[in-house]
Protein chains: 2
Amino acid sequence: MRLLTAVDQLFLLLESRKQPMHVGGLFLFELPEKANSDFVYQLVKQMQDSDVPPSFPFNQVLEHLIFWKKDKNFDVEHHFHHVALPSPARVRELLMYVSREHGRLLDRAMPLWECHVIEGIQPETDSSPERFALYFKIHHSLVDGIAAMRLVQKSLSQSPNEPVTLPVWSLMTRHRNHVNAILPAERSVRRILKEQISTIKPVFTELLDNFKNHGDDGYVGTFDAPMSILNKRISASRRIAAQSYDIQRFNDIAERLKISKNDVVLAVCGGAIRRYLLSMDALPSKPLIAFVPMSLRTDNSISGNQLSFVLANLGTHLDNPLRRIELIHRSMNNGKRRFRRMNQAQVINYSVIAYAWQGINLATGLFPKKQAFNLIISNVPGSEKPLYWNGARLQSLYPASIVFNGQAMNITLATYLDKIEFCITACSKGLPHVQDMLMLIEEELTLLEKTSKELAFQGITVKDKCAKKTKKLAP
Amino acid sequence: MRLLTAVDQLFLLLESRKQPMHVGGLFLFELPEKANSDFVYQLVKQMQDSDVPPSFPFNQVLEHLIFWKKDKNFDVEHHFHHVALPSPARVRELLMYVSREHGRLLDRAMPLWECHVIEGIQPETDSSPERFALYFKIHHSLVDGIAAMRLVQKSLSQSPNEPVTLPVWSLMTRHRNHVNAILPAERSVRRILKEQISTIKPVFTELLDNFKNHGDDGYVGTFDAPMSILNKRISASRRIAAQSYDIQRFNDIAERLKISKNDVVLAVCGGAIRRYLLSMDALPSKPLIAFVPMSLRTDNSISGNQLSFVLANLGTHLDNPLRRIELIHRSMNNGKRRFRRMNQAQVINYSVIAYAWQGINLATGLFPKKQAFNLIISNVPGSEKPLYWNGARLQSLYPASIVFNGQAMNITLATYLDKIEFCITACSKGLPHVQDMLMLIEEELTLLEKTSKELAFQGITVKDKCAKKTKKLAP
């Protein structure tokens with residue numbers, strides 16, 4: 001038995017039928033070249049018939065919302081589902097299936113995860129093999145999104161020839177040392193309380209700071225985000241939209257403008273959101289603000305505990321893409337300076353305060369202009385090496401996240417091989433046709449490629465422009 | 001806009017993540033003999049592309065839990081799902097899929113129904129055609145189980161040659177007159193309140209009556225049901241088990257013993273439940289009590305409003321099948337005499353009182369031996385004529401129902417052509433392997449066939465035996 005941490009509790013308390021608190025990972029595989037027609041069936045059967053018990057944390061079940069304990073009646077049928085998509089099924093149909101599953105609450109009487117194998121997805125091109133997918137869904141109180149993606153990736157192989165004979169949820173034993181580093185450590189009540197209390201000062205310092213600083217529009221305060229249709233109450237229905245884009249295109253733009261790849265990603269998101277809101281005649285006159293979690297660790301095996309975040313001004317009020325990207329670059333630089341170090345508990349407590357404020361707004365309508373940010377845009381770890389599942393090559397991986405009341409859209413990204421994988425999780429009732437965002441991202445990316453080429457030809461970079469501006473402002 | 005009735009409200013209030021309040025119908029079809037391989041795809045496409053708006057009640061959405069109003073943003077993608085089962089898929093795999101879907105809450109931001117077309121189900125025999133299924137799920141606050149089954153059946157055709165070009169949810173216009181008779185009438189607040197108040201007297205008279213009558217074990221009082229594993233708190237996970245049995249087998253037994261077919265159905269259920277509980281070492285020493293709703297109407301087109309019910313003693317404590325069937329027969333006769341007429345509101349209010357009692361028990365453990373009944377065994381209307389969907393023959397229909405805290409199993413039956421369709425809905429966490437019930441029903445049916453033949457050979461009938469017993473008891 002293990003006591004629930006305050007963070008675990010928080011994710012269970014915030015959960016409601018309209019607001020499930022699980023994250024998901026969608027992994028798209030290509031059948032091996034000479035695979036039998038029953039390749040997926042055999043893979044599934046092997047997982048279903050396995051008598052190896054699930055490993056930690058997949059064997060943990062809630063006890064009175066106070067403890068995690070080992071589930072003694074583990075029944076794989078509750079957790080593992082095998083379906084097919086009706087022919088002809090494109091990735092669009094796969095995403096429809098995953099959207100539905102992502103909107104459904106997990107059963108708290110069992111360990112809080114589910115695994116779906118989905119077969120029958122059309123080949124990418126006529127000459128490539130048919131595809132199947134793995135959708136893994138796990139409650140945020142059990143592991144966070146970053147750990148969830150890592151856990152599944154760890155269960156895959158870096159070799160096309162390595163047979164994988166154990167189910168994903170039992171595989172962890174194979175990598176026990178790696179996995180321990182991913183998972184939250186067992187902590188005493190004393191330590192949890194201490195950690196919580198230690199967050200009070202930095203969180204409130206930050207909140208107070210917001211009321212003092214004004215001036216540069218690259219500085220984003222805590223309650224600077226405008227109201228928008230992204231910040232409505234949510235329904236229980238989800239839409240997951242996901243697509244892969246060549247990372248080289250982002251790198252080229254970043255290099256030409258002398259800014260970071262991350263700035264380019266935010267500029268593309270900002271531009272696409274601007275187009276999406278314009279199409280619905282719902283663009284606020286003030287710029288949208290994104291909450292961008294930043295990992296301070298460079299070590300890939302450890303995650304979660306060392307998080308910081310930046311509030312980025314997405315410049316959605318600006319029509320000129322160059323001015324937008326400039327603003328993003330400056331606000332990111334300012335933000336990074338401000339929150340140099342915050343631990344996860346601080347980030348979460350800070351978010352709770354921001355959310356509480358938003359809750360008051362939603363209930364009373366008293367401070368409709370006061371909110372911390374409009375959406376979360378985050379990165380989860382991908383892989384630089386190709387991954388395989390029993391010889392089937394992983395083609396793409398998409399991280400599906402959580403949306404909240406007042407936060408109806410989330411964008412989560414991962415890098416895999418030479419692609420950036422965009423995954424948008426949204427409330428499908430409040431934000432109709434959110435899949436259009438994928439096309440708008442492509443349009444924005446194309447525009448930035450063109451603009452950056454022209455600027456590079458003229459010898460102009462965003463870095464220089466921002467540096468000049470900062471100089472001018474200095475006395 | 002239409003005011004929610006007290007009954008609508010009740011089903012919304014009772015609903016929780018562990019206790020969804022929708023009913024479901026599973027309809028299994030055979031592909032037409034000369035169907036193209038894309039028959040189901042075309043059927044689905046036609047439904048998806050239809051621009052005919054959904055008809056009442058499929059267009060009704062909740063407004064602040066007070067009104068039903070017409071949904072102006074109807075989006076078919078939220079309601080209609082098309083999936084396939086991975087090959088090889090038997091009815092078992094279909095039921096696994098439906099079990100999962102049946103355990104999931106509907107989104108209250110949209111009209112409270114969903115329709116799933118599931119393809120890829122193996123043929124029944126080598127020479128018969130492949131099968132596909134329609135699973136229709138609708139909230140009990142919108143229509144009850146009987147109306148739900150009727151609505152879908154009305155949308156089907158009695159001819160294999162009639163094309164069906166509209167989706168199920170728009171089809172109703174075709175049968176507007178029939179459908180009006182199925183659906184609850186629009187009622188004023190005054191009328192609803194009057195109806196509710198009128199239930200108080202009969203419900204309390206019945207409750208008081210229970211404390212007065214003792215003696216004959218064929219008399220079932222309101223709080224005579226023993227505790228059993230069927231009466232535990234439920235989890236959010238469901239298991240649907242369903243199978244068809246030849247109606248002739250039930251009729252033969254009924255005729256030999258001179259009892260009703262309904263008595264035989266209850267005897268088979270009672271015997272199977274006895275075997276199931278024995279296998280788990282959980283058979284109570286007192287007999288289980290079933291709540292059996294009885295329709296007083298013979299007119300098929302009108303339903304719901306004229307319901308009565310009987311508490312049937314299932315005789316699960318008796319090993320001898322003949323003694324069990326005798327007890328069932330007598331308790332049904334007594335029950336029918338007692339509750340000659342109760343309207344639906346009375347039945348529901350009565351049930352609420354019984355449930356409230358059970359709630360006190362579960363929370364406090366004060367009166368563990370006081371509860372009204374152990375499970376609901378009910379009948380919904382089927383069809384005597386074969387039904388078709390665009391030429392595809394309906395092979396079977398199974399009604400999936402609701403389980404509650406303290407009522408972890410429900411058995412609902414329908415008659416279609418020459419079969420009785422059994423559908424068991426259960427909490428899969430509290431009642432593991434409930435699908436074993438199907439085999440136990442078959443075993444019990446075989447035993448009763450054998451026993452009744454022997455008795456008929458000796459010239460003994462249950463009716464006569466019961467008549468003799470009643471004579472003896474009379475002064």
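What you see below is based on every heavy atom in this structure, not just the backbone, and it leaves out hydrogens, waters and symmetry mates. To find a chain, count down the sequence lines: A is the first, B the second, and so on, and within it residues start at 1.
- Proximity to chain A (any heavy atom under 4.5 Å) is shown, for B:His82, by both the backbone and the side chain.
- Ranked by heavy-atom pairs shorter than 4.5 Å toward chain A, the options B:Val83, B:Asp38, B:Ile118 are led by B:Val83.
- Contact of B:Arg100 with chain A is made through backbone and side chain together, with heavy-atom distances under 4.5 Å.
- When all heavy atoms of B:Ser87 and A:Tyr41 are compared, the closest pair comes out as O-CD1, 3.9 Å.
- Residue B:Ser37: no heavy atom, backbone or side chain, is found under 4.5 Å from chain A.
- Summarising the geometry, atom OG belonging to A:Ser237 is positioned 9.5 Å from atom CG belonging to B:Asp75; distances are rounded to the nearest 0.5 Å.
- Contact count versus chain B (heavy atoms, under 4.5 Å) is highest, among A:Glu119, A:Glu77, A:Met96, for A:Glu77.
- The local environment of NE2 in B:His81 is crowded, with over 12 non-hydrogen atoms from other residues, nucleotides or ligands closer than 6.0 Å.
- With a threshold of 4.5 angstrom between heavy atoms, B:Asn73 approaches chain A through its backbone and through its side chain.
- Heavy-atom pairs under 4.5 Å with chain A were tallied for B:Glu93, B:Glu101, B:Arg239; the largest tally goes to B:Glu101.
- No more than 12 heavy atoms of other residues, nucleotides or ligands shown are found within 6.0 angstrom of CG on A:Asp281.
- Of the candidates B:Arg104, B:Arg17, B:Lys18, A:Leu105 forms a side-chain contact (heavy atoms from CB on, under 4.5 Å) with just one, namely B:Arg17.
- Heavy-atom distances place no part of B:Glu114 under 4.5 Å from chain A, backbone and side chain included.
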